[in-house]
Protein chains: 2
Amino acid sequence: MSGIIQHINKAFDNRVRLGIMSVLMVNEKVDFKRLKQLLGVTDGNLASHIKALEKLNYIEVYKTFVDRKPNTSYSATRFGKEAFKKHIDALEKLIHQQK
Amino acid sequence: MSGIIQHINKAFDNRVRLGIMSVLMVNEKVDFKRLKQLLGVTDGNLASHIKALEKLNYIEVYKTFVDRKPNTSYSATRFGKEAFKKHIDALEKLIHQQK
DNA sequence: TTTATTAACTTTGCGTTGCAAAGTTCTTTG
DNA sequence: CAAAGAACTTTGCAACGCAAAGTTAATAAA
């Protein structure tokens, strides 16, 4: 495939994954609950999208306990951040293309 | 559903449809062949995405003959352009969100 | 020590989407 | 009449998306 859409990353074509990465671009670490409330999705849905990003090595997981409760937080890897930046660049080029 | 991704338009989560709209935002009219070569997709695939955008009244179709050959061209409707702008706005807010 | 609660998943089920490839229709050109 | 081109439509199938229900582990409450 060639053309002006070839650098758009399919991993980010989904709103939830786009949202997760956007949040993790400006916040070093964000936990599950916070992500869930920021995005307004069900926990199962969020978990599956997180897993997809994890599988691609775009995000990392940290499991700890806070107040004696399990707490899982996430951060974007350098690789993930670069992939996201490239995606945004491609998006901007696509949107602001010239005739 | 609430949250920071709620204004992302699902119609534009797909690369091909995003590409079509992007092209039609800066070009008043573009024909099938040109779109196909710009996007680098198969004709069947392009046709199906065009149909989806048409169904939403985001684009209009003009069928004519050029050099005695059938020529179909497309343009974005005002409604489609507005929907697209809103989507881009939502994208920018999402991406450039603050902590 | 059973019971409840919370966090974070995982699984299930099912409808939707995406795409290539093949088939179709119409029209022109050789 | 055969071939070619434009623009679809259909087919088939794999991948995706999501809600809802089920699971596991730890802690808290009774």
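Numbered from 1 within each chain, the chains take letters A, B, ... in sequence-line order. As the structure is a prediction and not an experimental result, all values here were calculated from the model.
- Residues in residues 13-53 of chain A take part in no ring pair (Phe, Tyr, Trp, His ring centres under 6.0 Å) pair, two or more places apart or across chains.
- A:M21 is listed as a side-chain neighbour of A:L53, based on a closest heavy-atom distance under 4.5 Å.
- Atom pair A:L35:CG and C:dA7:P shows a separation of 14 Å (rounding to whole Å applied).
- Residue B:K33 has no polar side-chain atom (N or O) positioned under 4.0 Å from OP1 or OP2 of D:dA7.
- Between B:K36 and D:dC8 there is no side-chain polar atom (N or O) within less than 4.0 angstrom of OP1 or OP2.
- Nearest-nucleotide mapping onto DNA chain C: of A:D13 and A:G44, the residue sitting toward the 5' end is A:G44.
- Going from atom CG of A:D43 over to atom P of C:dT6 covers 13 Å, rounded to whole Å.
- For A:T42, a side-chain nitrogen or oxygen approaches OP1 or OP2 of D:dA19 to under 4.0 Å.
- Taking atom NZ on A:K10 and atom P on D:dA15, their separation rounds to 11 Å, with Å as the unit.
- For B:K81, the NZ atom counts as densely surrounded, since its 6.0 Å shell holds more than 12 non-hydrogen atoms of other residues, nucleotides or ligands.
- Using a 4.5 Å cut-off between side-chain heavy atoms of Ile, Leu, Val, Met, Phe, Trp and Tyr, with links allowed through other members, B:Y62 and B:I20 fall into different hydrophobic clusters.
- Between A:L53 atom CG and C:dC9 atom P there is a gap of 13 Å when expressed in whole angstrom units.
- Dashed line: the shortest gap from a side-chain N or O of A:H49 to OP1 or OP2 of D:dC18 is under 4.0 Å.
- Atom pair A:I50:CD1 and C:dA7:P shows a separation of 14 Å (rounding to whole Å applied).
- Positionally, the nearest nucleotide of DNA chain C for A:K51 lies more toward the 5' end than for the other of B:S48 and A:K51.
- With the nearest nucleotide of DNA chain D identified for both A:R17 and B:A47, B:A47 has the one nearer the 5' end.
- Distance CG (A:L46) to C1' (D:dA19): 14 Å, rounded to an integer number of Å.
- One finds the CD atom of A:E28 at 10.0 Å from the OG atom of A:S73 (value rounded to the nearest 0.5 Å).
- Across the protein-nucleic acid pair, A:R34 atom CZ and C:dA7 atom P stand 15 Å apart, rounded to whole Å.
- Taking the six-membered ring where the residue is Trp, the centroids of A:F84 and A:Y58 are separated by 6.0 Å or more.
- Taking side-chain N and O atoms only, A:N14 has a distance below 4.0 Å to OP1 or OP2 of D:dG17.
- The distance between atom CZ of A:F32 and atom C1' of D:dA25, rounded to the nearest whole Å, is 15 Å.
- Tested against A:I95, the residues B:V26, B:L18, B:I88 include a single side chain to side chain contact (heavy atoms under 4.5 Å, CB included) partner, B:I88.
- In this structure, A:N45 reaches the D:dA19 phosphate: one of its side-chain N or O atoms is under 4.0 Å from OP1 or OP2.
- Shown for residues 54-74 of chain A: residues whose heavy atoms fall under 4.0 angstrom of DNA chain C, namely A:K63, A:P70, A:N71, A:T72, A:Y74.
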